[in-house]
Number of protein chains: 2
Amino acid sequence: MTERTLITHIKTYLTLSEEELSEIVLFFDCQSYNKKETLLLAEKRCDKLFFVIKGCLHLYFIDCLGNQKTTQFAIENWWLTDFLAFQNQKQSNFYIEAVEKSKVLSISFSKYQELLDKFPKMEKYFRTIYERAYGAALVRLKYINSLSKEEIFFRFRDDFPEFVQRVPQYLLASFLGLTPEYLSEIKRK
Amino acid sequence: MTERTLITHIKTYLTLSEEELSEIVLFFDCQSYNKKETLLLAEKRCDKLFFVIKGCLHLYFIDCLGNQKTTQFAIENWWLTDFLAFQNQKQSNFYIEAVEKSKVLSISFSKYQELLDKFPKMEKYFRTIYERAYGAALVRLKYINSLSKEEIFFRFRDDFPEFVQRVPQYLLASFLGLTPEYLSEIKRK
DNA sequence: AGCAAAAATTAAGCTGGTTTAAGAAAGTTA
DNA sequence: TAACTTTCTTAAACCAGCTTAATTTTTGCT
């Protein structure tokens, strides 16, 4: 069962019975996506929260020149959506697309509410996830505001070597906030 | 009572009895800080989560050239700490200082755990706060990666005009990721 | 009010990183 | 294995934003 991935993840944060856990996963839909397939469209109401079982997604937007810019990746055990738009049930500022063939759980906003109402312990689970994600975003902002683009790349490669291998360079460049050309030049050294 | 500020804020997210609310605020200490007074030191274990009753705090670090760089502000009704260090009870990557004379509630990590255990509804409160904060951080990363420094400033001034008046320009410049000199040049136009 | 310190402005010179454009390599499809 | 498409590389010209440094304005203190 592929849903074991989520159950295992929840169990690292909470103590829940097997019955509860198997009830919980019923709130989710499981779907597979091919490389470059779209999961969420900007301008549409953001009604889905995603959990990656296998594969890799990215959250991106299109800048004023028509370039795709990646703001966040999500690999196995990561949650992803436009959280602000999801919480307010507004239209999304971002697109979500599969970077590679992926297996993904999703939950609608109303099911998410139901899940949290029925299993209040899940509030703790998500509180912990978001507390950490927000903290990590602040540290990321710190790096952006203190390191040169070259240092940002080397730091990221040291911290996540396997990830640098995994995603195409032009997506990595966009995530790190530099041009593919400059990233290529940095790597040459 | 100054604690009403927190109570009022919690009530916008949860339904709780007055008895519960007044028990909750007992978990917090209230303290006043003068302008430039330090609340949290980098390199020290991060054992406090802060809530601003009145005034303004900022989360900053010192870059390799010895410059103070602001990553986040917190005004009335905002929570602030180095969330990653707080959750893991590690030493902080950041300093926290009062930007102006401020009145602040604080809670230690162990009291925070106790509070969440005793009042599980508070999990929902913090889940919501962090979900929003993380979403906002992603949108902020989007702006950083798509707008010129000039556009970043004008956008921020349009969105938060009163805030631009409130904090010193050199802190605002640092928060927006540009030099005070360049910000000054932009404003001249 | 008067002094000292902190913050903001101005301007010139400089550089890290972008833009543009073209070619090479790697992946995909039939 | 050939043709097409996507991704990566290279190099030169360019510029947004930084650095430096000197001056002015504002703030805080007694």
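Predicted, not measured: the structure shown is a model, and the values here were computed from it.
Comparing dA8(C), dG28(D), dT10(C) by their closest approach to the side chain of Glu181(B) singles out dT10(C). In this structure, the nucleotide among dT9(C), dT19(D), dG17(D) sitting nearest to the side chain of Lys187(B) is dT9(C).
Contact between the side-chain N/O atoms of Gln169(B) and the OP1/OP2 oxygens of dT26(D) is not found at any separation under 4.0 Å. Residue Tyr170(B) has a polar side-chain atom (N or O) positioned under 4.0 Å from OP1 or OP2 of dA7(C). Between Arg188(B) and dT10(C) there is a side-chain N or O to OP1 or OP2 distance below 4.0 Å. Regarding contacts with the backbone of dC18(D), a side-chain N or O of Thr179(B) is found under 4.0 angstrom from either OP1 or OP2. In this model, the phosphate group of dC15(D) is not approached by any side-chain N or O of Lys149(B) to a distance below 4.0 Å at OP1 or OP2.
Within 4.0 Å (heavy atoms only), Leu183(B) reaches no atom of the nucleic acid at all.
The distance from atom CD1 of Ile186(A) to atom C1' of dG16(C) is 10 Å, rounded to the nearest whole Å. The CG atom of Asn145(A) sits 13 Å away from the C1' atom of dG17(D) (whole-angstrom rounding). We find that OH of Tyr182(B) is positioned 15 Å from C1' of dT15(C), with the value rounded to whole Å. Between the CG atom of Leu172(B) and the P atom of dA7(C) there is a distance of 14 Å, given to the nearest Å. Leu65(B) places its CG atom 13 Å from the P atom of dG16(C), with the value rounded to the nearest Å. With rounding to whole Å, Leu178(B) atom CG is found 14 Å from dA8(C) atom C1'. The separation between Phe153(B) atom CZ and dA8(C) atom P is 12 Å, rounded to whole Å. For the pair Lys189(B) NZ and dT9(C) P, the computed distance is 14 Å after rounding to whole Å.
Note on ring orientation: taking the six-membered ring where Trp is involved, the planes of Phe51(B) and Trp79(B) are tilted (angle from 30° to 60°).
The residue among Glu185(B) and Lys35(B) whose nearest nucleotide of DNA chain C lies closer to the 5′ end is Lys35(B).
At least one test fails for Lys69(B) against the ring of Tyr60(B): distance under 6.0 Å to the centre or angle within 45° of the axis. Geometrically, Lys111(B) engages Phe27(B) in a cation-pi contact, judged by NZ or CZ lying under 6.0 Å from the ring centre and within 45° of the ring axis.
The pair Glu181(B)-Lys187(B) does not meet the salt-bridge criterion, since no charged nitrogen lies less than 4.0 angstrom from a carboxylate oxygen.
Of the possible polar contacts, none joining the Thr8(A) side chain to the Leu6(A) backbone as a donor-acceptor pair under 3.5 Å is found.
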